[in-house]
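Reading through the structure tokens given below for one structure.
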Amino acid sequence: MSNNGISRRQFLQWGAMTTGVVVLAACAPSGAPSSAPAAGSEGAAPAAAPTTVQYWFAWGNLDPAMAKIVETEEFKAHMGGATLEYKASADEQSILTAIAAGTPPDGGSNYSYVNFYTRGATIDVKDMAEASTVLKADDMLEGIWNSAFYQGGMIGVPGIECFNWWGLNVNANTAEQDGLDATTLPKTWDEVLEWHKAMTKKDDAGNLLTFGLDPYDAMAGEPDFLAASYGVKWFDEETGAFDLANPRFAEGMDTLGEFIRIAGPDQFAGMRQVEGNGGWGAAYNAGIQNMIIEGYWHPGETQIQQPEVAQYNRSGWAPVPADRKDANIMATGLHAVVIFKDAKNKEGAFKLGEFFQTPTALNTIFDEVGWIHGVKSWLSTIDKNKYPGLAFYVDAGPEVTEWTIGRRCPINSFVVTQYTELREQVFRDLIDPQAAADELQKRAEAEWQAQGLG
Amino acid sequence: MAVSAPPAQRRGMTKTEKRNQVMGLLFISPWLIGFLLFALFPLAASLYYSMTNYDFIREPQFIGAANYVRLFTTDPDFWTVMYNTLYYVGIGVPLGIAVAFLIANLLNSEIKGRTLFRSVIYIPSIVPTVCAAMVWLFILNVQYGAINGILKTMGLATIPFLSSPELAKPSLIMIYIWAQGTAVVIFLASLQDVPRSLYDAALVDGANAWNRFWNVTVPLCTPVILFNFIMGIIAAFQDFTLPFVLTGGGPMKSTEFYVVNLYRNAFVQFSIGKASAMAWILFLIILLFSVILFRTSARWVYYGGEK
């Protein structure tokens, strides 16, 4: 008897084949953009410019400002109708993965700029910057403009938050309670150490209650700061040479280590663990830590997070050794919109960078997040007393005697990791400071060679 | 008379067999494609990357065994993290197994509230590690921890469980042991499989509680002890979340375990080639430990009363 129907076996066979084809089709690369003209078609219009700009930001702080910026008519007009696809808290792992997959966003900010640029992940924007009518070099603080360049190329469009990085912030209230004169902040390490001793309190059993300064907290935690404080240039970006074994660098590790010896290394380590191993400022906000070396953002962020502490914030010059007491050190560094090599809409990303120079963007970011970008014409318009301590940073520029442009070494992360371990060995008295500096130099040079940068 | 068997005739597959083979392959193709794309290819790629200078961004440059040589000879962290990891695995896993086995024995006895105890012991295994880490942070922290809070109120010096290089690793081992709920459950199942008749026979022979435990319970549970040992070693060698969240590898790299350092190399220092080499070295170490355990298991693992 013939059977003209479909058997169960045939049904399963065809079903499997159909599923296989569907799976393969789903795995295949997507087709050409719909805006692309069909091959061979005559008189087809040229492909339209991408109508979206993908922008990733490494942290989450910018969200409230971005939410307001994208709604402004000025922004919409500047972007020519392009839609911004903004992604916050897209950390370095995410962007690395996207780069490796060949699908990075168009622009990004707050990443390891020099790392990405020297490895070719982001493009040189010098030509675009020169052609721009919005971006004005002479209206930007010189150090910030210079920080955007690396070996002649331009890493990105400076913006969002580029301003002064180093200042000693003091809780004047606790200082006065401890019998210190908060109208004149300490300037040398010796003076700061005396304040630290006065502010460090322990109970009868030796448990730490409050302390003065963690000299390795926040912006002071990187080798840039220690080196600048002691007048050392630890990395020469032109030659790729390291000077971490400099005796003054070793001296600095010993001096700063003394702060931690006084309070107790284990107590400090415990404090940092509660803060989240690398988080900044929580101990200051909690009133446990009474001095912190931080950037211009500290007054604004403290005001937003802990106004009852922020009202007592006073800011002054970051400490230097006594033999350099006339040195006013300051750092700045890049935050920028960088454009990725495989970006689909490079022009769109550049336009976004341009928009961050406008008063609308600058005001919104300042009001919503407390961040500043060093555009001279705009700086003169802001209320420098809006946050206690901010005036120091705004007025500091002309009095700075030694500028540092931070985080310029392509293996900065590696050096920071090794420096963190070795300085801890120093303040735990497990290694001689000079031996630690020598070891740091050796490790940095070896890594430089191993990464093929030598 | 011996008759030799006729030589086996080789024949090709019939049409039906071929079609069935194709259909079989089609049916397993989703798994096959997934395995090739998401398991085999990454494995092969990581082996290749381990022999390159690769940073995720630039094209990988083949450098042979240089990453391996560098790790064993000049890398500043490799031997430190290896020591930390072996310390953690070497002490944590056997202790964890012993504690889990003892707890399982207690929970296997006729005690009041046994079900409750079983649940309580298992809960740590289902709590996300990050949450558990945060809880332990506020139990053990030197300034704000619950234990040290009590010590402070008593006027005693605090104990830097997690912030002293000497105490940090033992503290993490303690937390590791606390989270042995899964091993306890597996041991419980194993204990319930031990034949009652063997205990009865031992009683008749005059064996006391310890003798019954040592000569009946332990031998009959050795296959499960072996299983838990191997799974424990594999997991402990790859422990990441707990040290990363709790101590960040500190103080002074005393809790920088192998996989934490591997991650740091890959995603902080952009050394994907070196990180891949570390991954393969770890694979070989785990393989070595597993082989040693299997090879020696004939001496101490009893299957059905026989070695």
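Naming convention: chains lettered A, B, ... in sequence-line order (proteins, then strands); numbering from 1 in each chain. What you see is a predicted model, and the numbers here were worked out from it, not measured in a lab. Scope of the values below: all heavy atoms of this structure, side chains included, with no hydrogens, waters or symmetry mates.
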Can you tell me which portion of B/Tyr144 sits under 4.5 Å from chain A's heavy atoms? Options are side chain, backbone, both or neither.
side chain

Of A/Pro265, A/Ala450, A/Ser112, the largest count of non-hydrogen pairs under 4.5 angstrom with chain B goes to A/Ala450

Using a 4.5 Å cut-off on heavy atoms from C-beta on, say whether the side chain of A/Glu92 contacts that of B/Phe267.
no

Looking at B/Leu156, B/Ile272, B/Leu151, B/Ile63, which makes the most heavy-atom pairs under 4.5 Å with chain A?
B/Leu156

Closest contact, heavy atoms only, A/Asp266 versus B/Pro165:
OD1-CD, 4.1 Å

B/Phe138 versus chain A, the contacting section by heavy-atom distance below 4.5 Å
side chain

Note: vs chain A, highest number of non-hydrogen pairs under 4.5 angstrom among B/Ser163, B/Ser164, B/Ala66, B/Pro160 is B/Ser163

Is the count of non-hydrogen atoms from other residues, nucleotides or ligands lying under 6.0 Å from B/Met154 atom CE greater than 12?
no

Check whether the side chains of B/Gln143 and A/Asn207 place a donor and an acceptor atom closer than 3.5 Å, and report yes or no.
no

If you tally heavy-atom pairs under 4.5 Å between each of A/Lys442, A/Lys341, A/Gln418 and chain B, the highest tally belongs to A/Gln418

Compare all side-chain heavy atoms of A/Glu421 with those of B/Pro76 and state whether any distance is below 4.5 angstrom.
no

With a 4.5 angstrom heavy-atom cut-off, could you sort out which part of A/Arg428 is near chain B: side chain, backbone, both or neither?
side chain

Less than 4.5 Å to any heavy atom of chain A: does that hold for the side chain of B/Asn53, its backbone, both, or neither?
side chain

Is the distance between the ring centroids of A/Phe116 and B/Phe270 less than 6.0 Å?
yes

Assess whether atom CZ of B/Phe41 is packed by more than 12 heavy atoms of other residues, nucleotides or ligands within 6.0 Å.
no

Picking from B/Lys253, B/Lys152, B/Lys274, which has the most non-hydrogen pairs under 4.5 angstrom with chain A?
B/Lys253

Interface residue of largest heavy-atom contact number with chain B, from A/Asp203, A/Asn115, A/Asp204, A/Ile411, under 4.5 Å:
A/Asn115

Non-hydrogen atoms of chain A under 4.5 Å away: do they reach the side chain of B/Leu137, the backbone, both or neither?
side chain

CA sep, side-chain torsions, deciding dist, call: A/Gln267, B/Val142, side-chain contact (heavy atoms from CB on, under 4.5 Å):
CA-CA 7 Å; A/Gln267 300 277 338; B/Val142 67; 3.9 Å; yes

Would the number of heavy atoms belonging to other residues, nucleotides or ligands and lying under 6.0 Å from CD of B/Glu17 be above 12?
yes

At a 4.5 Å cut-off on heavy atoms, which part of B/Asn265 comes close to chain A: side chain, backbone, both, or neither?
neither

Whatever's closer than 4.5 Å to a heavy atom in chain B on A/Ala121 counts as both

Could you tell me if the side chain of B/Tyr263 sits less than 4.5 Å from the side chain of A/Gln93, heavy atoms only?
yes

Looking only at A/Leu209, A/Thr417, A/Leu422, most heavy-atom pairs under 4.5 Å shared with chain B are made by A/Thr417

With a 4.5 Å heavy-atom cut-off, do A/Gln273 and B/Thr247 have their side chains touching?
yes

Between A/Leu430 and B/Met252, which heavy-atom pair has the shortest distance, and what is it?
CD1-CE, 3.1 Å

As a quick check of understanding, evaluate side-chain contact (heavy atoms from CB on, under 4.5 Å) for B/Thr74 and A/Arg443, giving each step before the final call.
CA-CA 9 Å; B/Thr74 60; A/Arg443 291 182 187 182; over 6 Å; no

